[in-house]
Visitor: 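If you scroll down you'll find the structure; I have some questions about it.
The structure presented is a predicted model; accordingly, all values stated were derived computationally and were not measured.
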Amino acid sequence: VQLQASGGGLVQPGGSLRLSCTAVGTTMDYHFIGWFRQAPGKEREGVSCISSHSDGYTEYANSVKGRFTISQDKPKNAAYLQMDRLKPEDTGVYYCAIVPVYGRSCALVPRAYDTWGEGTQVTVSS
């Protein structure tokens, strides 16, 4: 099973980026999908997650609510993180992760996920 995050880059404050997470070797269906980030010298933190249920439960960190949107494309076996109105404090390496569904609500806790992809760097700077 492999996950790959892509779409990172350098963007000015106020700009937008769209991150993609694709899976090979497993379906993302019936999984919780999480996005996490890690800034230099800081612990990895949860950004957003989505439950691959029919109701598509989502969760967002307070720091990104109203600016980031998580979504999933089941036919493409992919998930996305649309990031708008980016701030310098959003800078970090962004990772996607999955875990088989074990309830209704996904969690923004790294240890709750068992499969991780390589990260993609997001830098917000003028």
Visitor: Between His31 and Asp29, what is the shortest heavy-atom contact and its length?
Guide: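 What the structure gives for the nearest pair is ND1-O, 2.8 Å.
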
Visitor: Do the ring planes of Trp116 and Phe36 sit parallel (below 30°), tilted (30 to 60°) or perpendicular (above 60°)?
Guide: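 Rings of Trp116 and Phe36: tilted, as their planes differ by 30° to 60°.
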
Visitor: Would you say the side chain of Ser16 lies within less than 4.5 Å of the side chain of Gln82, judging by non-hydrogen atoms?
Guide: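 Yes, at least one pair of side-chain atoms sits under 4.5 Å.
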
Visitor: Going by heavy atoms in the side chains, are Pro88 and Ser125 under 4.5 Å from each other?
Guide: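 Of all side-chain heavy-atom pairs linking Ser125 with Pro88, none is under 4.5 Å.
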
Visitor: Donor-acceptor check, side chain of Arg44 to backbone of Ala39, threshold 3.5 angstrom: yes or no?
Guide: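 Checked: no pair found.
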
Visitor: How close do Ser51 and Ser105 get, heavy atom to heavy atom, and via which atoms?
Guide: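 Heavy atoms of Ser51 and Ser105 come nearest at OG-C, 4.1 Å.
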
Visitor: Has the side chain of Thr120 got a donor or acceptor atom that lies under 3.5 Å from a matching backbone atom of Gly8?
Guide: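 Confirmed, Thr120 side chain pairs with Gly8 backbone.
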
Visitor: For Glu43, is the CD atom crowded, meaning more than 12 foreign heavy atoms sit under 6.0 Å from it?
Guide: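 No.
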
Visitor: Nearest 0.5 Å please: distance from the OG atom of Ser48 over to the CZ atom of Arg67.
Guide: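 It is 12.0 Å, given to the nearest 0.5 Å.
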
Visitor: Would you check if the side chain of Thr115 reaches a backbone N or O of Ala97 as a donor-acceptor pair within less than 3.5 Å?
Guide: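 Absent.
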
Visitor: Has Asn77 got a side-chain atom pairing as donor or acceptor with Lys74's backbone, closer than 3.5 angstrom?
Guide: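 No, Asn77 side chain to Lys74 backbone: no donor-acceptor pair under 3.5 Å.
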
Visitor: Please tell me whether Glu59 and Tyr57 have a donor and an acceptor in their side chains that are separated by less than 3.5 angstrom.
Guide: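 The criterion, which ignores hydrogens and geometry beyond distance, is satisfied for Tyr57 and Glu59.
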
Visitor: Might you point out which heavy atoms bring Gly46 and Ala61 nearest each other, and give the distance in Å?
Guide: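 Closest approach of Gly46 to Ala61: O-CB, 3.5 Å.
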
Visitor: State which residues pass salt bridge (charged side-chain N to carboxylate O under 4.0 Å, His left out) with Arg111; sequence neighbours excluded, sorted by chain then number.
Guide: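 Per chain and number, Arg111 pairs via salt bridge (charged side-chain N to carboxylate O under 4.0 Å, His left out) with no residue.
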
Visitor: For the side chain of Tyr113 and the backbone of Ala107, is there at least one donor-acceptor N/O pair under 3.5 Å apart?
Guide: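 Yes: the side chain of Tyr113 pairs with the backbone of Ala107.
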
Visitor: What I'd like to find out is whether the side chain of Gln2 reaches to under 4.5 Å of the side chain of Glu118, using heavy atoms alone.
Guide: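 SC-SC contact between Gln2 and Glu118 ruled out.
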
Visitor: Less than 4.5 Å apart, any side-chain heavy atom of Arg37 and any of Ser63?
Guide: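 In short, these two side chains touch, coming nearer than 4.5 Å.
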
Visitor: Quick check: closest heavy atoms across Asp114 and Pro100, and the distance to 0.1 Å?
Guide: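 It is OD2-CD, 3.7 Å.
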
Visitor: Is the OH atom of Tyr102 crowded by more than 12 outside heavy atoms at less than 6.0 Å?
Guide: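 Enclosed: over 12 neighbouring heavy atoms sit under 6.0 Å from OH of Tyr102.
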
Visitor: With the side chain counted from C-beta on, respond yes when Arg18 and Tyr80 share a heavy-atom pair under 4.5 Å apart, and no when they do not.
Guide: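 In contact.
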
Visitor: If hydrophobic residues (ILVMFWY) are linked whenever their side-chain heavy atoms come closer than 4.5 Å, directly or via other members, who joins Phe68 in its cluster?
Guide: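 Phe68 clusters with Leu3, Val11, Leu17, Leu19, Met28, Ile33, Trp35, Val47, Ile50, Tyr60, Val64, Ile70, Leu81, Met83, Leu86, Tyr94, Ile98, Val122, Val124.
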
Visitor: Under 4.5 Å between any side-chain heavy atoms of Cys49 and Phe32, yes or no?
Guide: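 Contact flag for Cys49/Phe32 side chains = no.
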
Visitor: For Gln121, is the CD atom crowded, meaning more than 12 foreign heavy atoms sit under 6.0 Å from it?
Guide: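 Count over threshold, so yes.
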
